Amino acid sequence: MPILNHQHRLLVLQIFFLLFLSPHIVVPGSPAAGKFSDVLANGRNVSDGDVLVSAGGSFTLGFFSPAGSGAAQPATRSRRYLGIWFSISPEAVHWVANRDRALNDTSGALKMSDAGVLLLLDGAGKVVWSSSSSSSAGSSSSSTAQLLESGNLVVHVQGSGSGSGTALWQSFDYPCNTLLPGMKIGKNRWTGAEWYLLSWRTAVDPFPGKYRYVTDADGALPENDLLDGNDTKMYRTGVWNGKRFNGVPEMARCTSSFADMFSFQLTVSPGEVTYSYVAKAGSPFSRVVVTDDGVVRRLMWDAATRAWKTLFQAPGDSCDSYAKCGAFGLCDSNAGATSICRCVKGFSPVSPAACSMREFSGGCRRNVALDCVNGSGTDGFEVLHGVKLPDTHNASLDMGVKLGECKVRCLANCSCVAYAAADFSGSGCIIWTNPFVDLRFVDDGQDIYLRLASSEIEDGTGTHVLDDIPSVGYYTIKDATGTFAKNRIIGEGNFGTVYKMRIADDSSKHCGKGPEKNRL
C-alpha cells in the first residue's frame with residue numbers, strides 16, 4: 001500500500017471536503033443556500049432540526065437554545081425557541097416567536113394552518129405561539145410564509161410573491177430586541193399600535209426584559225428614547241433636525257462610516273411617526289440592538305475578523321444620562337469629573353452643597369428675575385453653541401417661522417425661557433416655556449438662545465449673539481489635523497500645541513465637498 005506524504009494527505013483532505021462537506025455549508029450568497037427552502041406552505045412543517053433559509057442565504061429560521069458569549073451556562077436543549085438569525089452569526093438572533101414561552105424539548109414544530117395562520121406547536125399539539133391577527137382575516141389555505149433576504153418572515157397569499165401584494169402578517173411588525181434595515185419603530189397614530197425594541201431578560205434568556213427603545217412623538221419634535229422597566233427615560237437621542245438626531249453627530253460625521261453605509265428616515269404623517277434606516281448597496285450586515293443591561297448598540301459585521309463591530313453605543317458617557325444636570329443645567333463630558341455639570345449663564349445651583357458632592361439633579365435657578373409684563377420688557381438673549389437641544393416635552397413648535405420671528409415670539413411670551421431653530425438649516429421655531437433639562441455639549445451641535453435679564457447680558461444691549469464665532473467639535477478638529485499629526489504642528493507654548501487645520505467650508509456639510517480653509 002503506497003504511503004502518502006504530507007502534501008498528498010492535504011490534497012486528499014481538500015478534495016474530501018469539497019466533495020462531501022461543502023454542499024452542507026450555507027454561505028450567504030452561495031449556491032448551497034438554495035439547498036434549503038425559504039417557503040413554508042400549508043401542509044408542510046418546520047420541525048426542530050429543520051430550517052428555512054432566505055434565498056440568498058443571509059438569514060435562517062429554525063429552533064435554537066440560547067447561549068450568550070461568556071455565559072456561565074451552556075446552551076441547553078430543554079429550552080427551545082423558534083427564531084431568525086444571521087446565517088454567518090447564529091448567535092445573532094434578531095427575532096424570537098415564543099420568547100415568553102419556551103418549549104421544554106425538541107418536539108416543537110411550525111406549521112401553516114388552513115386559515116393561513118402560522119402555528120408553533122409543542123409535542124402534544126398545543127399552540128405555543130401563533131401569528132393570528134386582524135390582518136389574517138383575508139388569508140386562506142393558499143397562504144404561504146416566506147423568509148426574505150431582509151430577515152423578514154412574511155405571510156402572503158400564494159402567487160402574490162414577496163414583491164407584490166400586501167403582507168397578511170410579517171415578523172418586522174413584531175420586533176424583539178433588534179432593528180434591521182427596513183424595519184421601523186414608532187407609532188401608528190390611527191390605531192395606537194406601537195413598534196419598539198424590547199431587550200432580552202438576560203444575554204441567554206430572550207424573555208422580555210426591562211429596557212425599551214422607542215420613537216417618542218409626544219414632544220415638539222420626534223426623537224428616540226431608551227426607557228427602563230418603569231418607563232423612566234434613561235437616554236434620548238435629541239430631536240430630529242431634518243437630517244439626523246441632534247444629539248447623535250455620528251449619523252452625519254464623514255469618518256464614522258454612518259454616512260457611507262446608511263441613510264436614516266423619520267416619517268411624520270397623519271397615520272404614523274416612525275424611524276427606520278436603510279443600508280446602502282454593498283454595505284455589510286448591520287443591526288441595532290438593545291442589550292439586557294440597558295445599552296443601545298449599532299453593530300456592523302466585520303468580514304475580516306468575522307465578528308460584530310460596535311459603531312455606536314448609548315449611553316456613551318455620563319452626559320448621556322437623562323437630565324444628568326437637572327433643570328437649566330449644562331453637561332460637558334470634556335470637563336473634569338468634578339465639574340461635568342454647570343449652570344447655564346445667568347443661573348446658579350439650587351443646592352451648592354449637593355453639587356460639591358457631585359449630585360447635580362437638583363438643577364439651577366435664575367440669578368436675576370426676568371423683566372417681562374404683558375409681553376414687554378428689557379430681557380435679551382445669549383446664544384449657546386454646539387449643544388444637544390433640551391427635551392421638548394414642555395416646548396412648542398412652528399415649522400413655518402424663521403429664527404428672527406422665533407425671537408420676537410419668545411420675547412412676547414413672558415413664560416418663554418429659550419428658543420432654537422427646529423431644522424439644521426435654521427428654519428422652524430422651538431420655544432421652551434418651562435425649565436428645560438438634558439442640555440449637553442455635542443460635536444456639530446445646534447444653537448439655543450437663552451432668555452436672560454438685561455443685566456446678565458455681557459454687552460448690556462439686551463442681545464449677545466456670537467454668530468461670528470464658529471463652533472468646531474473635537475472630531476472635526478481631530479480630522480482636520482490628521483489626528484493631531486506632527487507635520488501639522490506650527491507652534492508650541494506653555495498652554496499646549498498649535499496645529500494647522502484644513503476644514504471644509506461651512507457652506508458645504510457633505511462629505512468630501514466644499515473648498516478647504518486653513519485654520520489655526
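These figures come from a predicted structure and were not determined experimentally.
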CA sep, side-chain torsions, deciding dist, call: Asp293, Thr291, side-chain hydrogen bond (donor to acceptor under 3.5 Å, both in side chains): CA-CA 5 Å; Asp293 54 353; Thr291 66; 2.3 Å; yes
Tell me whether [X] is salt-bridged to [Y], with the criterion being a basic N under 4.0 Å from an acidic carboxylate O.
{"X": "Lys184", "Y": "Glu272", "result": "yes"}
{"X": "Asp317", "Y": "Arg440", "result": "yes"}
{"X": "Asp438", "Y": "Lys233", "result": "no"}

Does the ring pair (Phe, Tyr, Trp, His ring centres under 6.0 Å) test come out yes or no for Phe264 and Phe245, once each step is laid out? CA-CA 10 Å; Phe264 305 95; Phe245 290 118; 8.2 Å; no
Ring-face cation of Arg201 near Phe207 (centre distance under 6.0 Å, axis angle within 45°):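 Checked: cation-pi criterion met.
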Lys NZ or Arg CZ of Arg342 over Phe347 ring: under 6.0 Å, within 45°: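 Cation-pi check for Arg342 and Phe347: fails.
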Considering only the SG atoms, does Cys414 lie under 2.5 Å from Cys372?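 Disulfide present: SG-SG distance under 2.5 Å.
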Taking it one step at a time, do Asn224 and Thr215 satisfy side-chain hydrogen bond (donor to acceptor under 3.5 Å, both in side chains)? CA-CA 4 Å; Asn224 284 353; Thr215 296; 2.8 Å; yes
Close side-chain approach of Tyr211 and Val295, heavy atoms under 4.5 Å: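 Not touching, per the 4.5 Å side-chain cut-off.
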Nearest heavy atoms of [X] and [Y], plus distance in Å:
{"X": "Tyr213", "Y": "Val290", "result": "CB-CG2, 3.4 Å"}
{"X": "Ile84", "Y": "Ser171", "result": "CD1-OG, 4.2 Å"}
{"X": "Ala421", "Y": "Ile430", "result": "O-CD1, 4.2 Å"}
{"X": "Arg212", "Y": "Leu198", "result": "CG-CD1, 3.4 Å"}

Would one find more than 12 heavy atoms of other residues, nucleotides or ligands at under 6.0 Å from atom NZ of Lys280?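 Counting other residues, nucleotides and ligands, NZ of Lys280 exceeds 12 neighbours.
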In a check of side chain to side chain contact (heavy atoms under 4.5 Å, CB included) between Trp308 and each of Arg287, Arg297, Met300, which one passes?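 By the side chain to side chain contact (heavy atoms under 4.5 Å, CB included) criterion, Trp308 pairs with just one of Arg287, Arg297, Met300: Arg287.
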Run the side-chain hydrogen bond (donor to acceptor under 3.5 Å, both in side chains) test on Ser58 and Glu149 for me, step by step, so that the C-alpha distance in whole Å, both residues' side-chain angles and the decisive distance to 0.1 Å come before the verdict. CA-CA 6 Å; Ser58 296; Glu149 265 294 279; 2.6 Å; yes
Can His94 and Asn177 be said to form a side-chain hydrogen bond (donor to acceptor under 3.5 Å, both in side chains), step by step? CA-CA 7 Å; His94 83 79; Asn177 68 336; over 6 Å; no
